[in-house]
Amino acid sequence: MSERHTITIPFADNDTARHLFGEQNIHLSRLSELLEVRVNARGTTVFVEGERYAAELAQNLLTQLYSLVKEGYPIHPNDIDYAARMLSRDHRTRLRDIFLDTVYVTAKKSLVTPKSPAQKEYIEAIRGHDIVFGIGPAGTGKTYLAMAMAVAAFTKGQVSRIILTRPAVEAGETLGFLPGDLAEKVDPYLRPLYDALHDMMRFEKVSALMEKGVIEVAPIAFMRGRTLNDSFIILDEAQNTTSEQMKMFLTRIGFNSKAVITGDITQIDLPPERMSGLIETKNILQGIAGIRFVYFSKQDVVRHKLVQEIIRAYEELDARKRGPRGDS
């Protein structure tokens with residue numbers, strides 16, 4: 001059995017320590033559960049008891065988060081999860097470099113900031129490149145962060161339009177089989193883009209900008225034949241584009257425009273005989289100046305903590321199906 005280790009962590013400022021500990025010490029309880037250590041607070045001093053590695057990790061995390069709170073960062077319970085995950089992978093990670101990189105302040109006055117090194121790499125790639133691919137599992141913030149960057153660019157006057165697009169339906173946009181007019185047919189497939197957009201801006205403002213054509217949400221088929229200048233363009237669910245659709249989309253990008261393409265290559269809904277445009281692009285566009293690929297993993301999931309476990313379970317199921325030699 002590993003030797004227990006106790007670390008005493010004194011904090012000088014009472015208000016800062018109170019915000020760090022959380023209401024009824026909820027943040028300390030979360031930390032205790034995550035790292036399997038005992039955490040007690042007396043006044044502004046924290047006592048951590050556990051295996052040496054875990055206790056030192058808790059000290060590192062609390063010390064860094066204390067500095068963040070002093071700089072005005074509002075700690076939420078999920079931040080404890082994100083911080084513990086990052087520091088467990090690399091104890092040298094500087095949390096302030098990630099959490100203090102504000103991408104956008106939403107209509108609800110909440111901050112949109114990266115929550116993992118991959119998310120930090122992603123937003124820096126978007127800032128510095130005209131075309132960025134974000135590839136990884138659901139829940140890693142690919143679309144949400146791209147939306148925040150788009151709204152921020154528009155608000156600052158860096159672009160004059162925001163264009164949001166995705167394949168209208170799985171397996172080839174078979175809209176004719178769905179009931180209703182065209183808007184009713186495509187709306188369910190574009191709803192996730194609307195949801196993210198309404199998180200960033202007031203509903204009334206979004207509606208007014210859409211009426212003026214400043215913000216456009218449309219299936220990818222509507223991009224054909226156009227040249228998209230002075231725009232921030234997001235192509236979501238790109239794993240379900242065909243090779244032809246992806247080529248068509250990428251050749252629409254005009255002057256002073258930025259495009260972000262997101263997708264999860266493990267969830268392709270195209271027929272087996274159709275090549276995913278995202279996979280093909282990943283294979284042929286690597287290394288072109290101005291184009292950047294950023295990859296996310298299950299460690300970057302920022303949804304409910306069980307989502308990571310669900311992704312891991314499905315990965316194990318897929319591995320068993322393939323067999324020891326990769327057989328299906």
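Only heavy atoms go into these numbers, but all of them, side chains included; no hydrogens, no water, no symmetry mates.
- Judged purely by distance below 3.5 Å, without hydrogens or angles, the side chains of Ser160 and Asp230 pair a donor atom with an acceptor atom.
- Follow the hydrophobic side-chain contacts under 4.5 Å out from Tyr53 and you reach Ile9 in the same cluster.
- Looking only at distances, a side-chain donor or acceptor of Lys120 sits under 3.5 Å from a matching main-chain atom of Asp97.
- Among Thr16, Val46, Thr45, the single residue meeting the side-chain contact (heavy atoms from CB on, under 4.5 Å) criterion with Phe11 is Val46.
- The only member of Val48, Leu57, Leu87 that meets side-chain contact (heavy atoms from CB on, under 4.5 Å) when paired with Leu35 is Leu57.
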Residues Glu51, Arg4; criterion salt bridge (Lys or Arg N to Asp or Glu O under 4.0 Å); working and verdict: CA-CA 5 Å; Glu51 293 185 5; Arg4 305 290 286 180; 5.8 Å; no

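- With hydrogens and angles ignored, the 3.5 Å screen pairs a side-chain donor or acceptor of Ser257 with a backbone N or O of Ser231.
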Residues Phe293, Gln286; criterion side chain to side chain contact (heavy atoms under 4.5 Å, CB included); working and verdict: CA-CA 7 Å; Phe293 287 81; Gln286 297 273 6; 3.7 Å; yes

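- We find that Glu216 and Arg226 are joined by a salt bridge, their nearest charged nitrogen and carboxylate oxygen being less than 4.0 Å apart.
- Taken together through direct or relayed side-chain contacts under 4.5 Å among Ile, Leu, Val, Met, Phe, Trp and Tyr, Ile162 and Phe255 form parts of separate hydrophobic clusters.
- Glu49 contributes no side-chain N or O that, together with a main-chain N or O of His5, makes up a donor-acceptor pair within less than 3.5 Å.
- Between the side chains of Glu237 and Gln239, at least one donor N or O sits under 3.5 Å from an acceptor N or O.
- Note on Asp79 versus Lys115: salt bridge recorded, some NZ/NE/NH1/NH2 to OD/OE distance being below 4.0 Å.
- Side-chain contact of Arg166 with Asn240: a donor-acceptor pair under 3.5 Å is absent, judged by distance alone.
- Side-chain heavy atoms closer than 4.5 Å link hydrophobic residues (I, L, V, M, F, W, Y) into clusters, and following such links, even through other members, never connects Phe47 to Leu61.
- Using modelled atom types and a 3.5 Å distance limit, the side chains of Gln64 and Asn60 yield a donor-acceptor pair.
- Looking at Thr106 and Asp199, their side chains never bring a donor and an acceptor atom within 3.5 Å of each other.
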Report the C-alpha distance between Phe296 and Tyr122 in whole Å, list the side-chain angles of each, state the deciding distance to 0.1 Å, and finish with yes or no for ring pair (Phe, Tyr, Trp, His ring centres under 6.0 Å). CA-CA 9 Å; Phe296 297 83; Tyr122 183 55; 5.2 Å; yes

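- Panel note: side chain Tyr66, backbone Asp13; a donor-acceptor pair is recorded below 3.5 Å.
- The side-chain contact (heavy atoms from CB on, under 4.5 Å) test with Ile80 singles out one residue from Leu62, Leu34, Leu28, Ile26, and that residue is Leu34.
- Checking side-chain atoms of Thr165 against main-chain N and O of Ala218 turns up a donor-acceptor pair under 3.5 Å.
- With Asn283 contributing its side chain and Ile279 its backbone, the two residues share a donor-acceptor pair below 3.5 Å.
- Within the 3.5 Å criterion, the main-chain N or O of Val132 finds no donor-acceptor partner in the side chain of Arg292.
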Dump the intermediate steps for side chain to side chain contact (heavy atoms under 4.5 Å, CB included) on Val206 and His198, then the final yes or no. CA-CA 7 Å; Val206 171; His198 288 140; 3.6 Å; yes

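- Between the side chain of Ser297 and the main chain of Gln299, a donor-acceptor pair closer than 3.5 Å is present.
- Between the side chains of Thr143 and Asp236, at least one donor-acceptor pair of N or O atoms lies under 3.5 Å.
- One N or O on the side chain of Lys258 and one on the backbone of Ile126 form a donor-acceptor pair closer than 3.5 Å.
- Listed for the Lys142 side chain is a donor-acceptor partner under 3.5 Å among the backbone atoms of Pro137.
- Ring pair Phe21/His27: centre-to-centre distance not below 6.0 Å.
- Around NE2 of His19, the count of heavy atoms belonging to other residues, nucleotides or ligands within 6.0 Å does not exceed 12.
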